[in-house]
Amino acid sequence: MKIFNGNKSRIWIMITFIVLGSTITATASARETGSKPEAIVGFIFNPVQTAIYSAVDNVRDAFDTIVNVFDYKKENKRLEDENKALKSTIMEYEKVIGKSEYLKNEQKLRKSSKYDFLSAKISAQEQSGMFEKFTINKGSSSGLKKGDAVIVGVEYEGGLVVEGLVGVVQQTGETWAKVTSIIDPSSNISVSVIRTMDTGIVKGSLKPKLEGYMLAQDTGVKEGDKVITSGIGGVYKDGLYVGTVENVEKDSRDLLTQIEVKPYVNFGKLNEVFVILSEREQE
Amino acid sequence: MGYLTVILSVLINLFFGNSALNMINVGGVSPNLSLILVIMFTLLGGRKLGCTLAVIVGLLQDLLFQDIIGINAMAFFLIALIIGGAYEKFFKANILIPLAIAALSTMFYYLLILILKYLILGETVSLLDASYNLAIEMAYNGIVFTLVYGFMKKRYKRSAARFGKSA
């Protein structure tokens, strides 16, 4: 303890400050790939974290299934009473809901998407509520690079499964990648409203919501409008589904239309994601 | 002085804090086990251990998740430095103080990250939005800290006695 009570202690504290300050400054600029220490830490811990994350997720899924079993039974009973002839249909329905939503959506998305993508498992998530970042178990050796969009299949109107935007790859190691989710405060997304094609900017807000504003003054955006990426700025490909407008507010001088968007993606239940690698060639 | 306990705690934090704890989130916010460990070992083992652990735990989080390396390490280091000094001088007698420290440290951590992000990236976050997460995390960290600290305090004393050193 003596080392922390005197001049020697102050010197150590100063050295730590200088080293950490220098590291922050040196890494503050945009970097494509991780440094050596990041590569080593990622290489060692990522596989273990992936395994633990998946195991924990399985436990949660099992728990969810147990809870949902009672709902399914009740639903079956009601349907049987209503129309016995529909029994076979109900059984089919049970099979479908018994499957993981992810697998269901993956299959549909692979058919309908214009993109080629790679599936990846989330290996770990940042702990603090100040950040919305996570790591995945695929990296540069699988073809990932900084700026690749990360998506999941989300159900849209009429059972259609579309690309729901999760985030963007911020850095890659050989077998891992760091991803910044769209609800992280550092994310800025250029969006279009599907109905009017008005464009705007939304950003993460530490809440499971995105906040932003429309670029045009006389926009016709309203609550319930669907929002996709516009592709402007080149960070995200165009046409990825971001969310639904939940709140529209004009500022006091009527100059700016502020919007709140609820993402399609349920960030509380992410386990596997897709990384868009390229656009599929049109057949 | 139970170094094994410290190392095991760091590993548990690394493997379970970043996975299992995220799955029992409340309103999208999970307890910050890294911060809890830093506070706990600063209170149990003193400022030197706390500061060292702060840098190690913070750097591991940064290397795994952050683009800017050192941001968590700097915040944790400052927290360990401040609470280590203050606790040794004033608070050791009162058992309720560590709880208050856990909540206040969470607030201080948020504030430091906001300042660092603003200074480095020019990135601003609405204080209202941050306060929502902060309120949940303060309560959550406080509860988890109470449980972990209560458990570790006894173990730590026992292992400290076994190795013939004072806690």
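Letters A, B, ... are given to chains in the order of the sequence lines, protein chains preceding strands, and every chain is numbered from 1.
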Chain A: which of B:A73, B:G58, B:P31, B:S34 shares the most heavy-atom pairs with it under 4.5 Å? B:S34
Show, in sequence, the C-alpha distance, side-chain angles and deciding distance for B:F77 and A:I13, and conclude whether the side chain to side chain contact (heavy atoms under 4.5 Å, CB included) test is met. CA-CA 9 Å; B:F77 180 69; A:I13 291 169; 4.2 Å; yes
Run the ring pair (Phe, Tyr, Trp, His ring centres under 6.0 Å) test against B:F15 and tell me which residues pass, sequence neighbours left out. A:F45
Is the number of heavy atoms from other residues, nucleotides or ligands within 6.0 Å of CD (A:Q258) greater than 12? yes
OG1/A:T27 to CD1/B:I71 distance, rounded to the nearest 0.5 angstrom? 9.0 Å
If only atom types and distance count, is the side chain of A:T23 paired as donor or acceptor with the main-chain N or O of B:I69 below 3.5 Å? no
Atom CD of residue position A:E246 - does it have more than 12 heavy atoms of other residues, nucleotides or ligands inside 6.0 Å? yes
Starting at NZ of B:K48, measure out to OG of A:S9 and round the result to the nearest 0.5 Å. 10.5 Å
Tell me, side chain or backbone of B:L14 under 4.5 Å from chain A's heavy atoms, or both, or neither? both
At a heavy-atom separation under 4.5 Å, does B:N13 approach chain A through its side chain, its backbone, both, or neither? both
What part of A:K209 is in contact with chain B, defined as an atom under 4.5 angstrom from a non-hydrogen atom: side chain, backbone, both or neither? neither
For B:F65, does its backbone N or O pair with a side-chain atom of A:Q170 as donor and acceptor, under 3.5 Å? yes
What residue, out of B:I113, B:L35, B:V29, B:L60, has the most heavy-atom pairs lying under 4.5 Å from chain A? B:I113
Kindly indicate whether the side chain of B:L78, heavy atoms from C-beta on, has any atom under 4.5 Å from the side chain of A:F17. yes
Minimum heavy-atom distance B:Q66-A:K178, with the two atoms named: O-NZ, 2.6 Å
What I want to check is whether the side chains of B:D67 and A:Q171 have a donor and an acceptor closer together than 3.5 Å. yes
B:N72, B:T106, B:N141, B:I136: which one forms the most heavy-atom pairs within less than 4.5 Å of chain A? B:N72
Any non-hydrogen side-chain atom of A:L20 less than 4.5 Å from a side-chain atom of B:F76? no
Tightest non-hydrogen contact, residues A:I52 and B:F16, listed as CG2-CE2, 3.8 Å
Shortest non-hydrogen pair, A:G21 vs B:M74, comes out as N-CE, 3.8 Å
Residue part contacting chain A, namely of B:Y109, when any heavy atom lies under 4.5 Å: side chain
Please determine, among A:K133, A:E211, A:Q125, the option with the most heavy-atom pairs under 4.5 Å with chain B. A:Q125
Pairwise side-chain contact, A:E38 with B:L63, heavy-atom cut-off 4.5 Å (strictly under): yes
Which atom pair, heavy atoms only, marks the closest approach of B:L64 to A:T135? O-CG2, 3.0 Å
Check each atom of B:N133 against the heavy atoms of chain A and say whether the ones under 4.5 Å are side chain, backbone, both or neither. side chain
